[in-house]
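See below for the structure under consideration.
A, B, ... follow the sequence lines: proteins, then strands. Residue 1 opens every chain.
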Number of protein chains: 2
Amino acid sequence: MKPYVLVVEDEDALATLLDYNLDKEGFRVERAADGEEGLLKVEEETPDLILLDWMLPKVSGVEVCRQLRAKPETRRTPILMLTARGEETDKVRGLDTGADDYVVKPFAMSELTARIRALLRRTRPELVDERLEYADIVLDRGSRRVTRSGRNVHLGPTEFRLLDFLMQRPGRVFSRERLMDAVWGPNTYVELRTVDVHVGRLRKALRISGAFDPIRTVRSAGYALDQHA
Amino acid sequence: MKPYVLVVEDEDALATLLDYNLDKEGFRVERAADGEEGLLKVEEETPDLILLDWMLPKVSGVEVCRQLRAKPETRRTPILMLTARGEETDKVRGLDTGADDYVVKPFAMSELTARIRALLRRTRPELVDERLEYADIVLDRGSRRVTRSGRNVHLGPTEFRLLDFLMQRPGRVFSRERLMDAVWGPNTYVELRTVDVHVGRLRKALRISGAFDPIRTVRSAGYALDQHA
DNA sequence: CGCGGCATGACACTTATGTGACAACCACGC
DNA sequence: GCGTGGTTGTCACATAAGTGTCATGCCGCG
């Protein structure tokens, strides 16, 4: 549910600082200490955005960039370069490396998070927008409220996250495993069937005065948010 | 808490003068020496108002204006243009540039602050106004008083700041961390649960003669000032 | 018609929040 | 300096809300 940011940075102090601050800003953060590890982490799970140091051991930032751009899964993943003053060559400035933006160290954390949000808004607006809508359902992240045709719908935290996730890609079918990861977090282990129960609860909460059921069950595949004809 | 004004002005003496005076008037001021820097500063943190010189190095004031109006975050941010006598073309006078107002140099500082307040009052009244209102609750910053349906409500300093903060954005949910930062200051370390206690105290103080509880608890997220229907 | 997949209500259990009590603290008037 | 009333931060405990599992019964599809 939270945007997943991968930090590829060899300087431990900076990486920790980034980790701490981004976490506080509501991002899920993973760290990699060099280019090689970075590429591995990307293999494991495609990040929503990558923070990439320009100078890295083993595989340089530029090279990582190139490789990421070569792979279809990460071709469009936003990359934000971290450069030291002086490394700020024309190549960086022109973003010829394939990166989408760059900041020069040292930088204010607020500047960095602002740029991260800006990039995410460009590529995955549904990750950062305050308000999601589908049919007559409105989910407002800022006020943490959900309404259906104007009426307020009360959801528990889990149902809220579940609906939030489904509303990010209406129509798309998600497996229970995928929902598990997205809603419960990648390292929680609960019965897969629990997803069914929560979908049920969400359905019940959304079921007001003759409104259609916005969740489609796809037998032996998962669930999707859409109008099942 | 203080309104954040960004001054984009290349003439250093004037910028300093503005900085000094606006600070004295209770604004938080950041400076940018040219259009490019101005846009960067805006990225970092959206100002509550922008003072923009008409003639600027790198990116002109008009161009900055255009770009700010193109971005959703700053579309409604008030912009006050500073122009030299003679630059006062019809375009400026008609505010066709996207600016909300303009003053001609040289100007009296009092005129400028008056215009700034006028603009802020239009867009973010809660920042300028001495009094905040929500439903039947009135908070007066000047006299440091709070009333509910006319009756006086006694609050301790902490509860006052807490209510003040919540009233700035009714409906929005704030995490305990966020409230901690806003009310206690960013570098104080007290138990997170202390927030609960103060919210409780605030609630109790606000609880007079059958009035509804204006604070909504959002489980596993935080608190918001609004009617939890 | 039979079977695996799904929906659902019950329920025991976790977790999060509300609250009263309390000791430390503070500003202030004496 | 020294009480003193008002504030504050923490705790412990009570209460409320949300969660994960299961057993049961239903349903669609082959």
**Q.** Side chain proximity check, B:Arg176 to B:Leu179, heavy atoms < 4.5 angstrom
**A.**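 No, side chains not in contact.
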Just checking [X]: base, sugar-phosphate only, or nothing, at a heavy-atom cut-off of under 4.0 Å?
X        : value
B:Gly156 : sugar-phosphate
B:Arg203 : sugar-phosphate
A:Val218 : sugar-phosphate
B:Phe160 : nothing
B:Val199 : nothing

Side-chain N or O of [X] closer than 4.0 Å to phosphate OP1/OP2 of [N]:
X        : N      : answer
B:His198 : D:dT7  : no
B:Thr217 : C:dG18 : yes
A:Arg176 : C:dC6  : yes
B:Tyr223 : C:dG18 : yes
A:Thr158 : D:dG18 : no
B:Trp184 : D:dT8  : no
A:His154 : D:dG18 : yes

Q. Which residue lies toward the 5' end of DNA chain D, B:Arg193 or A:Val197, if each is placed at its nearest nucleotide?
A.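 Whichever sits nearer the 5' end wins; that is B:Arg193.
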Can you tell me the distance, in whole Å, between the [atom1] atom of [X] and the [atom2] atom of [N]?
X        : N      : atom1 : atom2 : answer
A:Met180 : D:dT19 : CE    : C1'   : 11 Å
A:Leu192 : C:dC6  : CG    : P     : 11 Å
A:Arg219 : C:dA7  : CZ    : C1'   : 12 Å
B:Leu162 : D:dG9  : CG    : C1'   : 15 Å
B:Asp196 : D:dC13 : CG    : C1'   : 15 Å
A:Leu179 : D:dG20 : CG    : P     : 13 Å
A:Glu191 : C:dT14 : CD    : C1'   : 17 Å
A:Arg201 : D:dG18 : CZ    : P     : 10 Å

Q | Test item: side-chain donor near acceptor, B:Thr16 and B:Arg31, under 3.5 Å | A |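 Distance-only check passes for B:Thr16 and B:Arg31.
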Q.
Do B:Ser143 and B:Arg131 pair up side chain to side chain, a donor and an acceptor below 3.5 Å, judged on atom types alone?
A.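 Result is no, nothing qualifies.
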Q. Would the number of heavy atoms belonging to other residues, nucleotides or ligands and lying under 6.0 Å from CZ of B:Arg169 be above 12?
A.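 No, CZ of B:Arg169 has 12 or fewer neighbouring heavy atoms, counting only those of other groups under 6.0 Å.
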Q: Determine whether more than 12 heavy atoms belonging to other residues, nucleotides or ligands lie under 6.0 Å from atom CZ of B:Arg121.
A: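 Enclosed: over 12 neighbouring heavy atoms sit under 6.0 Å from CZ of B:Arg121.
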Q. Quick one: do A:Asp140 and A:Arg145 make a salt bridge, cutoff under 4.0 Å?
A.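 Salt bridge absent between A:Asp140 and A:Arg145.
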Q. Looking at the side chain of B:Arg207, which of D:dT8, C:dG20, C:dT19 is the nearest nucleotide?
A.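 Selected nucleotide: C:dT19.
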(Q) From C-beta outward on A:Val190, which listed nucleotide comes closest to its side chain: C:dG9, D:dG20, C:dT8? (A)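 Within the option list, the nearest is D:dG20.
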